[in-house]
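To keep things clear, I will list the structure first and then write my remarks on it.
Counting starts at 1 for both ligands and their atoms, in listed order. Please read all numbers here as calculations on a predicted model, not as lab measurements.
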Amino acid sequence: VEVRDWTGRFAAEAVGVVRPRSVAEVAQALASGYAVTTRGGNTGLVGGAVPATSRPTLMLDTTLLTGMGPVDDRSGQVTVGAGVPLAQVQAHAEAAGWTYGIDLAARDSATIGGTVATNAGGIRVVRYGMTRAQVVGVQAVLADGSVVDEARGLLKDNTGYSLSGLLCGSEGTLGVITAVRLALHRPPRAPSLGVVPVPSLDAALDVVAAVRRTGAELLAAEVVDAASLALLGESVRGWRLFIEVADGGAAEGLGALPDDAEVGLDAAARRRLWAVREGMTELWGRAAAQAGTVVQKYDVSVPMVGLDPFVAHMRGLLGDRVGVFGHVADGNLHLEVVDPDREWDEEVLTLVARAGGSVSAEHGIGVAKRPWLGLTRSAAEIAAMRAIKAALDPRGILNPGVLLDP
Ligand SMILES: Cc1cc2nc3c(=O)[nH]c(=O)nc-3n(C[C@H](O)[C@H](O)[C@H](O)COP(=O)(O)OP(=O)(O)OC[C@H]3O[C@@H](n4cnc5c(N)ncnc54)[C@H](O)[C@@H]3O)c2cc1C
């Protein structure tokens with residue numbers, strides 16, 4: 001069967017697809033003698049869920065691992081099967097009077113297993129942290145078929161290495177995640193959203209700081225640049241900042257915003273305003289398709305003080321081939337490059353490294369960024385990663401060629 005990723009950039013042949021319904025069936029797949037590529041919702045953006053070597057590879061599709069336990073109202077925890085889509089977990093938590101700390105535009109398809117395996121970020125990181133911060137414990141099947149189960153609900157358990165911590169962000173290379181115990185939060189007060197034009201990222205960060213000084217609970221701070229807004233037919237200068245606070249929906253937390261801010265208080269107005277930011281990944285994908293190519297995606301983080309100079313360098317390098325949007329309060333920018341003529345990985349990611357940043361802020365390494373891992377992780381760090389991989393997967397059957405060279 002042919003397997004293709006969401007971006008259309010990566011495709012490969014797999015010998016077949018298995019859809020286990022239980023931990024035992026996952027272990028059976030790992031004993032098949034084939035290499036195994038694990039796939040959840042297939043919304044990953046770095047090609048990590050597509051076979052990456054010429055070895056005969058089985059696709060292990062987790063989407064039937066859909067068990068979902070009750071929300072425990074005393075601990076604020078819930079156990080969820082790896083294949084449950086993020087949006088279903090959000091709805092399940094909300095129905096029980098809680099909220100889940102992770103939100104991203106791919107919520108209807110991205111699975112909990114996939115978000116844990118990639119340590120996904122999204123628009124709520126500024127408030128609740130990355131996925132790793134939501135994980136109480138992970139249940140997983142290791143390469144030899146053994147099962148590790150830290151999804152027992154123990155918030156405190158300092159008995160040696162945290163295997164769950166290791167599996168977060170492991171991109172399917174250390175084990176197949178089968179279930180996750182998640183920590184939930186009490187829902188914030190009703191949110192207000194402000195959309196503000198700003199001339200620079202520094203100015204955006206100043207607005208964020210002013211809003212935070214009021215004591216308002218910051219839920220999100222996102223930016224979109226003029227090149228991205230032009231895809232919607234809008235002609236603007238500078239950037240647009242989307243800032244959301246939990247203030248009871250009265251906009252009192254947004255008092256620090258400049259006069260030209262547009263404010264959305266009710267759910268419909270907020271959805272309409274957020275749609276612009278949330279549509280960006282797909283919009284750039286379409287722009288690239290129209291140019292007869294696929295978008296070159298760079299999900300990078302840069303120290304906050306260096307954001308504007310970094311963007312200026314990028315625009316100097318790429319001109320109108322680049323659009324930028326992202327999670328400004330995390331120092332995380334998504335650069336979308338449309339160029340049918342050549343790839344820009346080396347130049348872009350070298351500039352990221354020079355700026356003291358990371359070549360992957362939240363999407364992971366997959367195969368797309370594998371050649372560049374050494375730009376922002378040291379030789380000692382990569383050697384430690386290799387030692388862990390060799391110890392847990394000596395036959396190299398789990399996602400070979402993803403994250404580390406096969
Ligand atoms: C429109 C759009 C918006 C997005 N926005 C964001 C964003 O804001 N922030 C962000 O961080 N990401 C974002 N993403 C990327 C993507 O949604 C995340 O990386 C997500 O976590 C992937 O989940 P998935 O279930 O689709 O995983 P897949 O794409 O199926 O797999 C991703 C990786 O995880 C591994 N994997 C999947 N399931 C398991 C498992 N059960 N056990 C072990 N390994 C597993 C795969 O082998 C692969 O390496 C976006 C994607 C799209 C399309």
Side-chain angles (χ1 to χ4, degrees), residues 3-8 10 20 23 26 29-30 35-52 57 59-66 80-87 89 102-126 130-132 138-143 166-180 220 222 277-286 295 297 299 301 325-327 330 332-334 336 360-370 393 398-404:
V3 182
R4 188 172 283 278
D5 83 324
W6 188 88
T7 65
F10 303 96
V23 169
V26 171
L30 297 187
V36 171
T37 292
T38 305
R39 181 177 67 192
N42 200 27
T43 67
L45 298 174
V46 289
V50 173
T57 301
M59 281 302 305
L60 191 156
D61 177 322
T62 63
T63 52
L64 297 183
L65 296 171
T66 51
V80 177
V84 179
L86 171 60
V89 176
I102 296 296
D103 193 21
L104 38 93
R107 62 182 75 80
D108 291 321
S109 306
T111 61
I112 283 299
T115 56
V116 172
T118 56
N119 187 29
I123 63 171
R124 296 275 182 249
V125 171
V126 71
M130 303 279 279
T131 295
R132 185 180 275 114
V138 168
Q139 181 197 65
V141 183
L142 302 184
L166 204 53
L167 286 158
C168 290
S170 63
E171 302 187 48
T173 62
L174 298 180
V176 178
I177 296 163
T178 46
V180 188
E222 301 283 310
R277 163 64 186 90
E278 292 218 317
M280 281 301 148
T281 303
E282 290 184 59
L283 213 55
W284 277 103
R286 276 205 293 278
V295 67
K297 305 178 84 65
D299 154 44
S301 58
F325 58 94
H327 316 290
D330 307 332
N332 176 190
L333 298 177
H334 298 306
E336 310 278 303
S360 177
E362 55 176 17
H363 295 163
I365 294 294
V367 287
K369 301 297 177 298
R370 194 184 68 199
D393 182 17
L398 292 173
N399 271 12
V402 168
L403 176 55
L404 298 166

With T131, the side chain to side chain contact (heavy atoms under 4.5 Å, CB included) member among V125, V180, L86, N119: N119
Is a side-chain N or O of N399 found less than 3.5 angstrom from the main chain of V402, in a donor-acceptor match? no
Work out which heavy atom in [X] is nearest to a heavy atom in [Y]; give both atom names and the distance.
{"X": "R4", "Y": "N42", "value": "O-ND2, 3.0 Å"}
{"X": "L403", "Y": "R370", "value": "O-CG, 3.4 Å"}
{"X": "D108", "Y": "P85", "value": "O-CB, 3.5 Å"}

Going by ring-ring contact (aromatic ring centres under 6.0 Å, His included), name the residues that satisfy it together with H334, two or more places apart in sequence or in a different chain. F325, H327, H363
At a 4.0 angstrom heavy-atom cut-off, ligand 1 is contacted by W6, T38, R39, G40, G41, N42, T43, G44, L45, G48, A49, T62, A82, L104, A105, A106, A110, T111, G113, G114, T115, A117, T118, A120, G121, G122, E171, G172, G175, V176, I177, T281, H327, E362, H363, N399
